Amino acid sequence: MPELPSLEIFKQYFDSTSLNQEIKEININNPEILFDISENNIKELVNRYFVSSSRYGKYLFVSTSDNKFLIFHFGMTGFFKYHPKNEGISSHSRISFLFKNGNVLDFDDSRKFGKISISENISDFINKKNLGPDALEISLSSFKKLFQRRSGHIKPLLMNQQFLAGIGNLYADEILFQSGIHPLKKAYQIENDEQNKLYDNMVWVLKKAIEFNDSPRNFPENFLLAHRYPKGECPNGDKLDIIKVGGRTTYYCPHNQKL
DNA sequence: CCACATGTTCATTT
DNA sequence: AAAATGAACATGTG
């Protein structure tokens, strides 16, 4: 589930498997996932290695030994798989990095909404995409300033990457549920105390999700995501309501999240 | 066959 | 300028 918590898990996986190993070969199985770069741009990484990584919103930036950044976006279905070359080939590998140690890092993405790019500079890329502040980096006071002059519904706003980077459909539902805020509430109607609560819950939910490895099945009972399926019930026993907000399926508890 | 899915981008309206 | 809407992208699952 490639929202911010998944990205943290992917980063941990990447860091523990793929850093500081010489890249021997790169196979680009689906060139259409390359964004603004050519196959040759990627192939220049042969004989280089990955130095470190950092996450911003739903993007992973990997610094390379030729002083550039390889950028991963995981779309809806992307993930990494690191494995010995001769086993466990990932079924929808769009690009494979073969390391000198005989292991392979596959970027697997069945739906091909993922993207890989290269940039000389992280902030150039963030500016070009016009991304808002990262949801786990922003301060409370900056978060509150974001609400000035905003007239739309709160849920699409939380999911708008140019407003705030990292939150997607599932975690927007979870954060609003924990905060007792209706997804269709107008952003400007969220008062000071509720802004504080929303901020605290955003940080808490995202951090807990990372702790629980971003697997909703492992989430505690008091998480909406543990019940977010048709006919699912709110932990307090009420039936969850399912509506469309901004074109996306939205679960909420009508009893606890009122307009 | 149909509906739906964790995301982003684009065109068109309001 | 902001916001809402719907479609498109490609593919798998139920």
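Fair warning: this is a prediction, and the values are worked out from it, not measured in the lab. Labels below follow one simple rule: chain letters A, B, ... track the order of the sequence lines, proteins then strands, and each chain is numbered from 1.
When the P atom is used for both C:dA7 and B:dC2, the distance is 15 Å, rounded to whole Å. Remark: the separation of the P atoms in B:dT8 and C:dA1 is 23 Å, to the nearest Å.
Looking at A:Asp66 and A:Thr64, their side chains do bring a donor and an acceptor atom within 3.5 Å of each other.
Atom CZ of A:Phe163 is separated from atom P of B:dG7 by 17 Å (rounded to the nearest Å). Rounded to a whole Å, the CZ atom of A:Phe147 is 16 Å from the P atom of C:dA2. Distance, A:Glu3 CD to B:dA5 P: 13 Å, rounded to whole Å. Taking atom CG of A:Leu131 as the reference point, atom P of B:dG7 lies 14 Å away to the nearest angstrom. Put simply, CG on A:Asn160 is 11 Å from P on C:dA2, counting in whole angstrom units. Taking atom CG of residue A:Asp173 and atom C1' of nucleotide B:dA5, one finds them 14 Å apart after rounding to whole Å. A straight line from CG of A:Leu157 to P of C:dA3 spans 7 Å, rounded to a whole angstrom. Put simply, CG on A:Leu225 is 14 Å from P on B:dA5, counting in whole angstrom units.
Nucleic acid contact for A:Lys244: sugar-phosphate only, since backbone atoms but no base atoms lie under 4.0 Å from a heavy atom of the residue. A:Gly75 comes within 4.0 angstrom of sugar-phosphate atoms only, judged by non-hydrogen atoms across all strands, and of no base. Counting non-hydrogen atoms under 4.0 angstrom, A:Thr249 reaches the backbone sugars and phosphates but no base.
Every residue meeting the ring-ring contact (aromatic ring centres under 6.0 Å, His included) condition with A:Phe61, not counting sequence neighbours, appears here in chain and number order: A:Phe125.
Side chain of A:Lys112 to main chain of A:Asp109: no donor-acceptor pair is present (N/O by atom type, distance under 3.5 Å, no hydrogens or angles). A:Glu174 contributes a side-chain N or O that, together with a main-chain N or O of A:Leu224, makes up a donor-acceptor pair within less than 3.5 Å.
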- Note on the structure: Each nucleotide of nucleotides 8-14 of chain B classed B (base within 4.0 Å of a protein heavy atom), S (only sugar-phosphate) or -, in 5' to 3' order, makes BS-----
- Message: Walk along nucleotides 7-14 of chain C from 5' to 3' and tag each nucleotide B, S or - by protein heavy-atom contact under 4.0 Å, base first, then sugar-phosphate.
- Response: --BBBS--
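With values rounded to the nearest 0.5 angstrom, A:Tyr56 atom OH is found 10.0 Å from A:Ser123 atom OG.
Not one side-chain nitrogen or oxygen of A:His153 sits closer than 4.0 Å to the OP1 or OP2 atom of C:dA3. At the phosphate of C:dA2, neither OP1 nor OP2 sits under 4.0 Å from any side-chain N or O atom of A:Ser151.
Between A:Ile181 and A:Gln257, the closest side-chain pair of non-hydrogen atoms is not below 4.5 Å.
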- Please walk me through it: do A:Ser38 and A:Asn40 pass side chain to side chain donor-acceptor pair (under 3.5 Å)? CA-CA 5 Å; A:Ser38 68; A:Asn40 282 340; 5.2 Å; no
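A salt bridge does not link A:Asp106 with A:Arg94: none of the charged nitrogens is closer than 4.0 Å to a carboxylate oxygen. Between A:Asp173 and A:Lys155 a salt bridge is recorded (basic side-chain N to carboxylate O distance below 4.0 Å).
Under a cutoff of 6.0 Å and an axis angle of 45°, A:Lys129 and A:Phe35 form a cation-pi pair.
With a cut-off of 3.5 Å on both Watson-Crick or G-U wobble distances, the partner of C:dA10 is given as none.
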